[in-house]
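All chains are named by letter (A, B, ...) in the order of the sequence lines, taking the proteins before the strands, and each is independently numbered beginning at 1.
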Protein chains: 2
Amino acid sequence: MGLAKTEIFNQQQNEIASLAKALGHPARIAILQHLFKINACVCGDLVEEIGLAQATISQHLKELKQIGLIKGNVEGTSVCYCIDKEKWSKMKGLLSEFLNLDLRNSTCC
Amino acid sequence: MGLAKTEIFNQQQNEIASLAKALGHPARIAILQHLFKINACVCGDLVEEIGLAQATISQHLKELKQIGLIKGNVEGTSVCYCIDKEKWSKMKGLLSEFLNLDLRNSTCC
DNA sequence: AAACTTGATCGTATTATCACGATTAATTAG
DNA sequence: CTAATTAATCGTGATAATACGATCAAGTTT
């Protein structure tokens with residue numbers, strides 16, 4: 001079906017999965033890293049910085065915007081993107097909680 | 001094309017993205033959480049625990065196995081799965097490093 | 001107003017993902 | 001040996017994701 005059965009999972013599981021999915025492409029990792037590096041806002045330099053077509057970058061930016069990890073402000077003819085700090089912190093919390101599940105108990109294999 | 005251009009990104013970016021992609025489905029989150037909860041190995045109870053067909057669960061397990069997050073040991077007619085602690089720790093390191101990029105500098109929007 | 005710049009969106013081709021029934025392979029039980 | 005159990009794999013259908021050229025909309029320049 002290509003369609004995940006989200007209804008049989010709880011909200012936390014779906015949220016973690018959605019966030020992870022948004023991070024599941026190297027271009028989006030590169031975009032986020034660049035937004036952190038250039039700590040002022042960055043516009044379409046991303047197209048040059050990363051070697052993908054403008055339409056493709058725009059598509060990746062849209063995904064990141066949809067999940068809320070970045071915000072875009074129109075500035076004249078260009079658009080300025082930046083990390084949404086609040087959302088980033090929330091994501092960090094959710095993912096960290098998941099990643100920090102206790103390994104000590106797993107005593108097998 | 002449906003095919004990510006991994007060659008234009010560095011190894012770290014590709015690794016983070018691959019791991020995130022593996023976590024990008026609620027069923028796989030649920031599987032991992034259950035493997036942590038049942039700290040002994042779990043076999044095909046996952047099919048009952050999660051409400052998906054056996055073939056589907058097996059497919060998700062395969063993905064998790066391929067990226068190395070879980071290991072499977074054959075035990076008679078059933079298969080026992082568990083978290084691969086080393087790989088999990090590595091993942092935790094990589095993702096934490098990424099998630100902990102400094103937010104203080106982003107002063108825009 | 002006309003030309004230019006910028007970035008979103010459309011259309012489309014290709015490939016991947018998700019899900020499941022059916023089948024197969026391997027082990028165990030009788 | 002036969003039947004049953006378990007899980008992987010095959011085949012398939014439906015949908016999503018990736019990528020890009022082309023076009024469109026909006027703002028800037030001249």
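A:A55 comes within contact range of at least one nucleobase, with a heavy-atom separation under 4.0 Å. Contacts of A:E63 with the nucleic acid, taken as non-hydrogen atoms under 4.0 Å apart, involve only primed sugar atoms and P, OP1 or OP2. If you check every strand for non-hydrogen atoms under 4.0 Å, B:L52 touches sugar and phosphate atoms only.
Atom CG of B:L64 is separated from atom C1' of C:dT17 by 14 Å (rounded to the nearest Å). Between the CG atom of A:D45 and the P atom of C:dT5 there is a distance of 16 Å, given to the nearest Å. Summarising the geometry, the separation between NZ on A:K5 and C1' on D:dA16 is reported as 17 Å, rounded to the nearest angstrom. Distance B:Q59 CD to C:dG21 C1': 13 Å, rounded to the nearest Å. Separating the CD1 atom of B:I57 from the P atom of C:dG21 is a distance of 13 Å, rounded to the nearest angstrom. In this structure, CZ of A:F9 is placed 11 Å from C1' of C:dA19, rounded to the nearest angstrom. What separates CD of B:E75 from P of D:dT6 is a distance of 14 Å, to the nearest Å. Note: CD1 (A:I50) to C1' (D:dC20) measures 16 Å, nearest angstrom.
In terms of phosphate contacts, B:T56 brings a side-chain nitrogen or oxygen within less than 4.0 Å of OP1 or OP2 of C:dC20. For D:dA17, the OP1/OP2 oxygens have no side-chain nitrogen or oxygen of A:H60 closer than 4.0 Å. Contact annotation: A:Y81 does not reach the phosphate of C:dT6 (side-chain N/O to OP1 or OP2, under 4.0 Å). Taking 4.0 angstrom as the limit, B:K62 places none of its side-chain polar atoms (N or O) nearer than this to OP1 or OP2 of D:dA7.
Both A:T6 and A:S78 lie near DNA chain C, and the one whose nearest nucleotide falls closer to the 5' end is A:S78.
Checked by atom type and distance alone, the side chain of A:S96 pairs as donor or acceptor with a backbone atom of A:K92 at under 3.5 Å. Not a single donor-acceptor pair under 3.5 Å links the side chain of B:E48 to the backbone N or O of B:D45. Put simply, the side chain of A:W88 gets close to the backbone of B:L99: a donor and an acceptor are under 3.5 Å apart. Between the side chain of A:S18 and the backbone N or O of A:N14, at least one donor-acceptor pair lies under 3.5 Å.
The side chain of B:H25 sits closest to C:dA19 out of C:dA19, D:dC20, D:dT9. Considering only the side chain of A:Q54, C:dA8 comes nearest among C:dA8, D:dA8, D:dT6. With distances taken from any side-chain atom of B:T77 to the nucleotides D:dT6, D:dG21, D:dA7, the minimum falls on D:dT6. For A:K21, the side-chain atoms get nearest to D:dA16 when compared with the rest of D:dA8, D:dA16, C:dT6.
Taking every heavy atom of both residues into account, A:R28 and A:K21 meet most closely at NH2-O, 3.4 Å.
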